[in-house]
Novice: 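Let me give you the structure first, and then I'll get to my questions.
Only heavy atoms go into these numbers, but all of them, side chains included; no hydrogens, no water, no symmetry mates. Each chain gets a letter, A, B and so on, in the order its sequence line appears, and its residues count up from 1.
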Number of protein chains: 2
Amino acid sequence: MEQSAGDLLKSKGLRNTAPRRAILTALQGHPHSTASDLERRIGARKSGSSGLSKQGLYNALEVLTNAQLIRCFEPAGSPALYELRVCDNHHHLVCRKCGVLEDVDCHTGVAPCLDPVESKGFAIDEAEITWWGLCAQCQETVAGS
Amino acid sequence: MEQSAGDLLKSKGLRNTAPRRAILTALQGHPHSTASDLERRIGARKSGSSGLSKQGLYNALEVLTNAQLIRCFEPAGSPALYELRVCDNHHHLVCRKCGVLEDVDCHTGVAPCLDPVESKGFAIDEAEITWWGLCAQCQETVAGS
DNA sequence: CCTCAAAACTTGACTGAGTCAACTCTGGTG
DNA sequence: CACCAGAGTTGACTCAGTCAAGTTTTGAGG
């Protein structure tokens with residue numbers, strides 16, 4: 001198996017606290033979670049367990065993001081989504097109708113995978129690509145109507 | 001000169017109302033405006049003139065966006081930005097530090113300008129690309145500190 | 001030019017996502 | 001095992017945007 005949440009935190013020199021472990025664990029198997037998804041999922045663990053405060057959640061998410069343990073992504077019209085896949089510079093496909101979201105591998109795998117026509121003097125470190133369209137299911141719905 | 005705001009509205013079969021004309025006019029020379037920028041700019045016109053309500057503004061922006069007279073763009077961490085450039089599928093460069101935003105032409109000029117490695121059954125109509133980095137000015141600041 | 005209904009706009013209450021600030025608790029080092 | 005900086009809690013607050021119900025305006029037809 002992979003490293004435990006605690007080991008991951010240690011390997012980045014971060015404190016090994018229950019909320020942080022809970023977030024990392026809660027993200028496994030739920031690749032695109034909003035802050036409130038996480039709040040619900042963590043709060044709902046076996047009764048008696050913590051249930052992290054909103055502020056604590058945002059603090060922890062920020063720390064984990066800065067440490068590159070998780071990645072944050074904000075598609076237009078949606079709250080921020082957090083995911084465990086990092087360092088592979090993958091991109092996203094979003095359905096305009098139902099909002100479903102899919103990961104797409106990057107053709108190069110390292111950021112920035114793409115250069116702009118002109119950089120206007122910027123030092124670019126990432127090219128974020130979002131493809132918009134209709135998912136297979138919504139295409140059927142539209143065609144059938 | 002270009003078509004007047006009124007003519008543009010007519011050409012799309014939309015009603016020619018003062019607020020809509022005001023929005024189109026206010027966007028000229030202010031390529032990336034938030035809803036509240038627009039509210040301020042329109043409200044501030046010569047006294048006695050309208051000053052559009054918040055709801056009216058959002059309604060009008062939605063109509064104009066649907067009619068392809070303006071385009072809406074939401075970079076992470078910022079409210080929605082509206083711009084007049086449409087139909088050229090251009091992209092954006094954003095400074096991570098100061099938030100400054102630049103337009104970048106698309107190398108093809110038509111959407112979607114780029115195909116994903118795998119489309120997962122989606123019918124894709126747009127590839128939205130955002131480059132993140134540091135603008136020339138912020139690079140100097142960092143280097144100098 | 002006048003009328004009228006649909007379309008557009010206004011008002012004001014409300015929501016959701018995230019932030020601020022002040023206080024308390026705890027992990028892990030000495 | 002005591003300490004304290006870093007982590008978490010609480011609760012008020014902001015900002016961007018939405019909802020719903022009522023009023024005004026636009027422009028097509030008489």
Novice: For Lys10(B) and for Glu74(B), find the nucleotide of DNA chain D with the closest heavy atom, then tell me which residue's nucleotide is more 5'.
Specialist: Glu74(B)
Novice: Tell me: CG of Leu64(A) to P of dA7(D), nearest whole Å?
Specialist: 10 Å
Novice: How about His32(A) and Asp37(A): does a side-chain donor come under 3.5 Å of a side-chain acceptor?
Specialist: no
Novice: So, the side chain of Glu126(B) versus the backbone of Pro112(B): is there a donor-acceptor pair under 3.5 Å, distance only?
Specialist: no
Novice: Provide, to the nearest angstrom, the distance between the CG atom belonging to Leu61(A) and the P atom belonging to dG18(C).
Specialist: 9 Å
Novice: Within the structure, does a side-chain N or O atom of Thr34(A) lie under 4.0 Å from either OP1 or OP2 of dA17(C)?
Specialist: no
Novice: Contact list please: residues 78-86 of chain A against DNA chain C, heavy atoms, distance less than 4.0 Å, in numerical order.
Specialist: Pro79(A), Ala80(A)
Novice: Does anything in residues 95-102 of chain A reach DNA chain C, meaning a heavy atom under 4.0 Å, and if so which residues?
Specialist: none
Novice: Could you state the atom-to-atom distance from OH of Tyr58(A) to P of dT10(D) in whole Å?
Specialist: 16 Å
Novice: Measure from the side-chain N and O atoms of Lys97(B) to the backbone N and O of Leu134(B), and report whether any donor-acceptor pair falls under 3.5 Å.
Specialist: no
Novice: Considering only dA20(D), dT19(C), dA13(C), which nucleotide approaches the side chain of Gln55(B) most closely?
Specialist: dA20(D)
Novice: Between Leu38(A) (CG) and dG16(C) (P), how many Å, whole number?
Specialist: 18 Å
Novice: OP1 or OP2 of dG27(D) versus the side-chain N and O atoms of Arg15(B): is any pair under 4.0 Å?
Specialist: no
Novice: Between dG18(C), dA16(D), dA8(C), which nucleotide gets closest to the side-chain atoms of Ser36(B)?
Specialist: dA16(D)
Novice: Please go through Leu81(B)'s hydrophobic cluster and name the other residues, only I, L, V, M, F, W, Y counting, with side-chain heavy atoms under 4.5 Å joining them.
Specialist: Phe73(B), Val94(B), Leu101(B), Trp132(B)
Novice: When the distance from CD of Glu62(B) to P of dA7(C) is rounded to whole Å, what number comes out?
Specialist: 15 Å
Novice: Between Arg20(A) (CZ) and dG27(C) (P), how many Å, whole number?
Specialist: 11 Å
Novice: Between the side chains of Arg85(A) and Glu83(A), is the shortest nitrogen-to-carboxylate-oxygen separation below 4.0 Å, so that they form an ion pair?
Specialist: no
Novice: With the side chain of Leu52(A) defined as its heavy atoms from C-beta on, choose the nearest nucleotide among dT9(D), dT19(C), dC9(C).
Specialist: dT9(D)
Novice: Any chance CD of Glu62(A) has more than 12 other-residue heavy atoms, nucleotides or ligands included, within less than 6.0 Å?
Specialist: no
Novice: For Arg15(B), is there any backbone N or O sitting under 3.5 Å from a side-chain donor or acceptor partner on Arg20(B)?
Specialist: yes
Novice: Got a sec: does the NZ of Lys10(A) have more than 12 other heavy atoms crowding it under 6.0 Å?
Specialist: no
Novice: Would you mind checking if Arg96(A) and Asp125(B) are paired as a salt bridge, meaning a charged N to carboxylate O distance below 4.0 Å?
Specialist: yes
Novice: Without decimals, in angstroms, what is the distance between Asn59(B) CG and dA6(C) C1'?
Specialist: 15 Å
Novice: Rounded to the nearest angstrom, tell me the gap between atom NZ in Lys54(B) and atom C1' in dA13(C).
Specialist: 10 Å
